[in-house]
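This one's a predicted model, so the numbers in the text were calculated from it and none came from an experiment.
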Number of protein chains: 2
Amino acid sequence: MTQLQRRKIPDAAIARLPIYLQILNNLAATNVLRFSSDELAALAGVNAAKVRKDLSYLGSYGTRGVGYEVTYLIHQIKRELGLMREWNVVVVGAGNLGCALAKFDGFLSRGFPVVGIVDNDPKKIGRTTSSLTVGDVGDLKNIVRDEKVNIGVITTSSAAAQSAADALIDAGITSILNFAPVVLATPSSVSVRNVDLGVELQILSYYEQMRIESGSKVQSAPQLNSVGAR
Amino acid sequence: MTQLQRRKIPDAAIARLPIYLQILNNLAATNVLRFSSDELAALAGVNAAKVRKDLSYLGSYGTRGVGYEVTYLIHQIKRELGLMREWNVVVVGAGNLGCALAKFDGFLSRGFPVVGIVDNDPKKIGRTTSSLTVGDVGDLKNIVRDEKVNIGVITTSSAAAQSAADALIDAGITSILNFAPVVLATPSSVSVRNVDLGVELQILSYYEQMRIESGSKVQSAPQLNSVGAR
DNA sequence: GATTGTGAACGAGTTCACAGCC
DNA sequence: GGCTGTGAACTCGTTCACAATC
């Protein structure tokens with residue numbers, strides 16, 4: 001497979017690459033140079049054939065009989081995921097969660113600097129939270145243009161989430177991370193991923209109940225990382 | 001399909017039931033009495049055949065030519081998901097996120113009261129956060145037994161997450177919601193779901209990059225709600 | 001006429017198993 | 001001998017399409 005023509009990588013494989021990357025970063029930090037598909041599979045909690053197939057979508061970067069090089073694979077995964085650059089983020093909704101995220105190191109350290117936070121509540125506009133001043137939702141268009149924002153994060157109430165999404169899309173945003181417990185209506189040209197704790201707990205509840213009902217002989221749930229994309 | 005023998009509902013369908021439930025609760029709040037699979041499909045952003053198949057796993061609760069009754073379906077989904085009762089939650093890790101979750105209404109309001117929070121840092125033990133006092137991680141076993149805890153939430157650093165998981169499992173917990181960006185090693189009898197913002201952003205990054213590379217003709221990502229279960 | 005419920009067709013994702021290469 | 005890369009088989013999930021029912 002060549003590099004020129006962009007390969008079509010299955011969504012399921014894309015969702016696992018960040019996990020492999022995290023593990024490989026840990027290996028690199030402990031000076032591990034090489035790994036086999038078996039080793040990565042054990043660390044990622046998946047099977048080795050899946051690891052090999054997933055990595056093969058990136059190209060043939062392993063060596064038969066030997067394995068894969070940690071730093072080289074980190075590079076290839078980052079390239080594929082678009083992590084060779086930073087992606088600027090704007091947060092809509094300056095409540096508890098929004099402010100916490102704006103402060104949160106994890107965004108910047110992973111290459112997703114939060115360059116703006118806005119709200120529609122006049123009481124919140126103008127407040128400062130960790131070097132950012134809460135702007136008006138009406139300024140979104142300017143912020144997105146001036147700061148070259150790529151990703152919008154919605155941390156509003158569920159009632160306000162759809163209009164937040166509309167405003168982001170109107171401002172030209174095409175990737176949204178939504179924390180409000182609602183299904184957003186968006187054009188199919190926009191990627192949406194949902195993080196909803198209620199949903200997660202309710203899924204756990206189902207398997208927990210199964211376990212109890214059947215005298216704890218339940219096979220357990222699937223382990224994936226996820227939220228939701230559209 | 002009868003009720004006595006527990007139906008095996010596909011994991012993919014289980015993951016959608018909480019979304020349907022959320023939407024139906026909204027419909028009930030606006031006094032809508034009935035809905036068709038087409039209507040729910042539009043609100044949930046999926047197709048109608050999928051809605052019908054998903055609901056059919058619960059039993060045959062619709063009426064041909066008419067549709068489904070909102071309150072009756074809410075009841076059936078809650079029954080299936082194990083939401084006819086409360087599930088007590090304990091939080092391990094009393095940092096920013098852990099304390100925020102302990103205070104967070106969304107847990108209690110959805111039937112998942114947080115009955116305890118623990119940490120291994122002596123500086124944090126004894127602090128009070130919204131009617132809960134931070135306990136010692138060593139007390140987990142007692143808390144789980146005395147408070148009849150079913151679900152553990154891990155909000156520790158990634159370095160401490162595995163030992164937090166071990167402690168929870170040792171205390172008898174079989175459902176874990178993990179916010180630390182690591183893959184936990186757990187027996188297959190334990191359900192784990194992972195919430196990792198970094199992973200979500202990196203997935204968005206991939207589709208965003210595709211869009212840019214190909215002159216914005218990208219088909220967008222799949223929309224699911226998720227995190228990860230094992 | 002409208003809408004469900006569901007086999008059957010289809011498609012995506014996973015795993016197997018082995019040829020190919022170090 | 002060890003490990004990758006990958007067609008082929010298989011499993012799981014989605015969608016179609018239509019008979020059954022109100």
Report the distance from atom [atom1] of [X] to atom [atom2] of [N], rounded to the nearest whole Å.
| X | N | atom1 | atom2 | answer |
| --- | --- | --- | --- | --- |
| A/Tyr20 | D/dT4 | OH | P | 13 Å |
| A/Asn47 | D/dC10 | CG | P | 17 Å |
| A/Gln76 | D/dG5 | CD | P | 12 Å |
| A/Lys50 | C/dC16 | NZ | P | 11 Å |
| A/Arg34 | C/dC22 | CZ | P | 15 Å |
| A/Leu40 | D/dG5 | CG | P | 13 Å |
| A/Ile9 | C/dA12 | CD1 | C1' | 15 Å |
| A/Asp11 | D/dG13 | CG | C1' | 14 Å |

*Side chain of A/Pro10 only, please: which of D/dT15, C/dG13, D/dG7 is the nearest?*
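Nearest to the side-chain atoms of A/Pro10, counting from C-beta on, is C/dG13.
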If you measure only the distance, is there a donor-acceptor pair under 3.5 Å linking the side chains of [X] and [Y]?
| X | Y | result |
| --- | --- | --- |
| A/Ser191 | B/Arg211 | yes |
| A/Glu208 | B/Thr174 | yes |
| B/Tyr206 | A/Asp11 | no |

*Does the pair A/Asp196/B/Arg110 count as a salt bridge with the N-to-O cut at 4.0 Å?*
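Yes, charged N to carboxylate O under 4.0 Å.
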*So how far is it from B/Leu197 CG to B/Gln202 CD, rounded to the nearest 0.5 Å?*
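Answer rounded to 0.5 Å: 11.0 Å.
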_Before we go on, tell me: are the rings of A/Tyr68 and A/Tyr61 under 6.0 Å apart, centre to centre?_
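Not close enough - the centres of the two rings lie 6.0 Å or further apart.
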Please enumerate all protein N or O atoms sitting under 3.5 Å from an N or O of nucleotides 1-4 of chain C, with distances to 0.1 Å.
from  : atom 1 : to      : atom 2 : distance (Å)
C/dT3 : O4'    : B/Gly65 : N      : 3.1
C/dT3 : O2     : B/Gly65 : N      : 2.9
C/dT4 : OP1    : B/Ser37 : N      : 2.6
C/dT4 : OP2    : B/Ser37 : OG     : 2.5
C/dT4 : O2     : B/Arg64 : NH1    : 3.2

